[in-house]
Amino acid sequence: MGVLAAALTACGSEPDKRCVDPLTKKKLPSYECESGGSGSYYYGGKSKGGRVDGGSFDKASVDRGGFGCSSSSGG
């Protein structure tokens, strides 16, 4: 039961987000993404060597996917 609960919880969870410089994709402190800062949130992807890659600045375009999750809606 615990595995099923974890899988269902993962489907509704938010994608990872990091504060980054929008030009260089270098990670920045989180306060740089708050009002007036120079950073932007980057969703998903991976972080390597202080830079991010494989995600998007558009939260809606990042698909969490995973076990038991579907990116399309039925109806």
Show every donor-acceptor pair shorter than 3.5 Å between a side-chain atom in residues 39-48 and any protein atom, with sequence neighbours excluded, or say none if there are none.
from, atom 1, to, atom 2, distance (Å)
Y42, OH, G54, N, 3.4
Y42, OH, G55, N, 2.8
Y42, OH, G55, O, 3.2

Notebook entry, point to check: Should K59 and E14 be marked as a side-chain contact (heavy atoms from CB on, under 4.5 Å) after you check the CA-CA gap, both sets of side-chain angles, and the distance that decides it?
Noted result: CA-CA 9 Å; K59 181 179 176 181; E14 296 287 314; 2.4 Å; yes
Margin query: Filter on disulfide bond (SG atoms under 2.5 Å apart), then keep only pairs touching residues 15-45, sequence neighbours left out; what's left?
Written below: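 Every pair satisfying disulfide bond (SG atoms under 2.5 Å apart) with a residue in residues 15-45: C19-C33.
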Solution key, residues 24-32 side-chain donor-acceptor pairs under 3.5 Å, sequence neighbours excluded:
from, atom 1, to, atom 2, distance (Å)
T24, OG1, K26, N, 3.3
E32, OE1, S38, N, 3.2
E32, OE1, S38, OG, 3.0

Notebook entry, point to check: Is there side-chain contact between R18 and D16, with heavy atoms separated by less than 4.5 Å?
Noted result: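 Yes; the side chains approach each other to less than 4.5 Å.
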Next item on the list: Establish whether F57 and V62 are linked, either directly or via other cluster members, by ILVMFWY side-chain heavy-atom contacts under 4.5 Å.
Entry: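 Unlinked, F57 and V62 end up in two clusters.
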